[in-house]
Asker: 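The structure is given below, and queries will be raised subsequently.
Atoms within a ligand are numbered from 1 in the order they appear, just like the ligands themselves.
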Amino acid sequence: MITVQQLTKTFPSPHGAVHAVDDISLEVEQGEVFGILGPSGAGKSTLLRCLNLLERPTSGRVLLDGEDLTALGPKALRDRRRDMGMVFQQFNLLHARSVADNVGFPLEIAGVPRRERDARVAELLDLVGLTERAKAHPGQLSGGQRQRVGIARALAARPKVLLCDEATSALDTETTTQILDLLAEVNRRLGVTIALITHELEVIRRICHSAALLDAGRITESGKVVDLVIDPRSSLGEAILPTDGPDDYPLTAILAFDADRVSGALISQITRDLDLDVSLIGGGLERLAGHEVGRLRVGISHPGDPASAPDKARIEDYLRGRDIPALVHALGDAPLTVAATKEDAA
Ligand SMILES: Nc1ncnc2c1ncn2[C@@H]1O[C@H](COP(=O)(O)OP(=O)(O)O)[C@@H](O)[C@H]1O
Ligand SMILES: [Mg+2]
C-alpha cells in the first residue's frame, strides 16, 4: 500500500545539516498495522509527514498503492491525500466547532453536500462511540473522546490509509488501551491500512502486525512482529517480549518460538533429552498479531555440578534439530542482548 524508496529529509541548521530521515526504504502492506518505534528526535514525525508529502522529501520516492506521490502536481496530490487520513498526538480539533462539525470538516472542504455529510458523520460518530456527544465542543470532552473525534475525522473521506503520529502519547494508560482497540477495530472492520509512529512499546505489542525501529533517521531493524519476537537475536523482538534476567548460569539461552508449534512441556523435554538442569529465568508467552509466541531465557547447568559448563555446541545442535531458534550464551561471552530503546522503558 505504501512503498518508501531511499527517502531522505535534510533540514539546514546553523550547526550543519540535520539528517532527520536518512535513506529509509520500507513497505507497508495493504491491510496491516505498521508501527515505527523510536526515541524522541529519531525522525519519526518527519518520516510520517513525508508519507503524505506534508513534508517534501529531500530525495527518494513515496508510492501510494503504486502511484508515485513525489511526481504529482499540486491538484493531483491534494486528491491523493484524501486517501490518507491523519491522526495527531494533540488531536488538532477546531475548538469553536461541535464534535459533529469537526468530523464533517474534511467533507465540507471537499464540497460534499450537507445531507450526505450528515449521514456520514452520524455513521462515524457511531463507529467511535460518540453519537451522544455530537453537539458538544472539544473543550467539553476528555482526552480519549477528543482522540475519538480525531479518528472519526481522519476516516471521514474513506481513506485507504491512516497515518497516526503518537496518537496515544497524550493519554493515560487506560485510555491508551481503548484508543488502540479502536484503531485495531478500524483496521479490521474497515480494512484501513495503518502506519503509525510511537515511542511506546505497548502500541507495537497491542496492535501492530509489523514494526520497524528508527534511530537517528535510520531504520535499524524491521519485520513482522511475530518474526522479530521469534528471532532470539532481534533487539526489537527482545524489547517487545523481554526475557530480562541475570545471565550468571554457566550457560544461558534465549529460546524463541511459535508456541502453536512447540510443546508446552518444552523445558522438561530439554531437561530429559539432554540430562541437564534447565531453569526458567525470564520471558514468557504472549499473543501478538494473532500468534501465540514465546521468548524464554533459561539457565542451563549439570545436575549435581552447577558450576561446570555444559557443552554449548551439543545444546545448539539439539535446539537446531528441534527447529527452535536459540541464542546460547556462555558465562564470560559478551552480554546477551541489547534493549531496543533506552527511552521506552519509562
Ligand atoms: N522543520 C524542521 N527544521 C529543522 N529541523 C527539524 C525540523 N523538523 C524536525 N527537525 C529535526 O529533525 C530531527 C527529527 O525530528 P522529528 O522527526 O520531530 O523526530 P521525532 O518525531 O522522532 O521526535 C530532530 O533533530 C529535529 O530537531
Ligand atoms: Mg514526533
Side-chain angles (χ1 to χ4, degrees), residues 2-26 28 33-62 64 69-70 77 81 84-93 143 146-147 150-151 153-154 161-173 175-176 179-180 183 194-208 210-223 225 228 235-236 239-240 338-346:
I2 304 173
T3 303
V4 172
Q5 295 172 336
Q6 298 176 305
L7 192 77
T8 298
K9 178 70 191 185
T10 307
F11 294 110
S13 101
H15 319 287
V18 177
H19 302 286
V21 172
D22 191 3
D23 192 21
I24 285 182
S25 298
L26 58 84
V28 179
V33 182
F34 189 107
I36 297 161
L37 179 76
S40 168
K44 301 185 297 298
S45 295
T46 306
L47 172 58
L48 197 75
R49 291 163 55 81
C50 281
L51 296 185
N52 60 4
L53 264 59
L54 278 180
E55 200 81 74
R56 261 286 150 192
T58 307
S59 63
R61 303 204 304 165
V62 178
L64 175 68
L69 300 183
T70 48
L77 180 58
R81 275 210 188 108
M84 300 202 251
M86 196 149 185
V87 178
F88 305 90
Q89 178 174 359
Q90 298 301 340
F91 325 125
N92 296 12
L93 303 178
R146 286 181 208 181
Q147 195 55 295
I151 292 168
R153 178 187 55 190
V161 175
L162 270 194
L163 304 177
C164 305
D165 186 343
E166 302 272 7
T168 55
S169 298
L171 306 173
D172 62 45
T173 313
T175 314
T176 291
I179 293 297
L180 292 177
L183 288 172
I194 299 182
L196 62 86
I197 58 167
T198 184
H199 69 278
E200 299 172 309
L201 275 164
E202 185 51 25
V203 175
I204 307 286
R205 287 194 195 105
R206 198 161 179 99
I207 63 167
C208 291
S210 296
L213 185 61
L214 187 67
D215 188 22
R218 289 174 169 265
I219 287 184
T220 54
E221 232 186 318
S222 72
V225 166
L228 293 166
S235 49
L236 189 45
I240 294 168
V338 279
T341 64
K342 295 122 257 171
E343 195 198 36
D344 180 76

Asker: Among T58, L48, V4, L47, find the one that has a side-chain contact (heavy atoms from CB on, under 4.5 Å) with V21.
Answerer: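 The single option meeting the side-chain contact (heavy atoms from CB on, under 4.5 Å) with V21 is L47.
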
Asker: If every non-hydrogen atom of A195 is compared with every non-hydrogen atom of I2, which pair is closest and at what distance?
Answerer: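 Closest heavy-atom pair between A195 and I2: CB-CD1, 4.4 Å.
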
Asker: Measuring from each atom of ligand 1, which residues have a heavy atom under 4.0 Å away?
Answerer: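 Under the 4.0 Å cut-off, ligand 1 touches F11, V18, A20, P39, S40, G41, A42, G43, K44, S45, T46.
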
Asker: Considering the Mg ion (ligand 2), could you give the total of protein N/O/S atoms lying closer than 2.8 Å?
Answerer: 1

Asker: Do side-chain atoms of Q5 reach the backbone of L26 as a donor and acceptor pair under 3.5 angstrom?
Answerer: no

Asker: Tell me whether R61 contacts the main-chain N or O of T70 through its side chain, where contact means a donor paired with an acceptor under 3.5 Å.
Answerer: no

Asker: Are I151 and I179 close enough that some pair of their side-chain heavy atoms sits under 4.5 Å apart?
Answerer: yes

Asker: Mind checking what makes side chain to side chain donor-acceptor pair (under 3.5 Å) contact with T175, not counting sequence neighbours?
Answerer: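 Only D172 meet the side chain to side chain donor-acceptor pair (under 3.5 Å) criterion with T175.
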
Asker: Scan residues 162-171 for pairs that pass side chain to side chain donor-acceptor pair (under 3.5 Å), counting only residues two or more places apart or in two chains.
Answerer: S45-D165, E166-S169, E166-H199, T168-E200

Asker: For L37, does its backbone N or O pair with a side-chain atom of T198 as donor and acceptor, under 3.5 Å?
Answerer: no

Asker: Ignoring hydrogens, what is the shortest heavy-atom contact between I36 and K44? Give both atom names and the distance.
Answerer: O-CD, 4.1 Å

